[in-house]
Amino acid sequence: MSLHSDVLFAVTSRRAVLFTPARDPYDGEEIREFYARLLSGHCGPVVLVPGWEPTRRTELLDLWLATHTERTPVAL
């Protein structure tokens, strides 16, 4: 039995931690879905500070980020 699990997480400016289990944290589509849920729960801009880069299906994430630039500045 493995105790290893992967999560995608976010910390708000009010120090709330939001997370979701990830089947594959390096999948651009899974990261895109997480970012979309973050935006749906917040009215203002969301600054994204990725802790790692996806290695699979990156075009899906790139396209989503390009169409949401007004609400999702990315700090690398």
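Below, each value reflects all heavy atoms present in this structure, side chains not excepted, and no hydrogens, waters or symmetry copies.
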How long is the straight-line distance from [atom2] of [Y] back to [atom1] of [X], given to the nearest 0.5 Å?
X     : Y     : atom1 : atom2 : value
Glu29 : Ile31 : CD    : CD1   : 10.5 Å
Asp27 : Phe34 : CG    : CZ    : 14.5 Å
Arg32 : Arg37 : CZ    : CZ    : 9.5 Å

Checklist line | Sequence-distant partners of Leu63, side-chain contact (heavy atoms from CB on, under 4.5 Å), two or more places apart | finding: Thr67
Notebook entry, point to check: How would you list, by chain and number, every residue that makes a side-chain contact (heavy atoms from CB on, under 4.5 Å) with Thr58, sequence neighbours excluded?
Noted result: Pro54, Asp62
Notebook entry, point to check: Leu65 and Tyr35: side-chain contact (heavy atoms from CB on, under 4.5 Å), yes or no, with the steps?
Noted result: CA-CA 9 Å; Leu65 288 170; Tyr35 288 169; 4.3 Å; yes
Next item on the list: Of all the heavy-atom pairs spanning Tyr26 and Glu53, show the shortest one and how long it is.
Entry: CD2-O, 3.5 Å
Next item on the list: Please identify each residue that fulfils side-chain hydrogen bond (donor to acceptor under 3.5 Å, both in side chains) with Asp24, with sequence neighbours left out.
Entry: Arg56
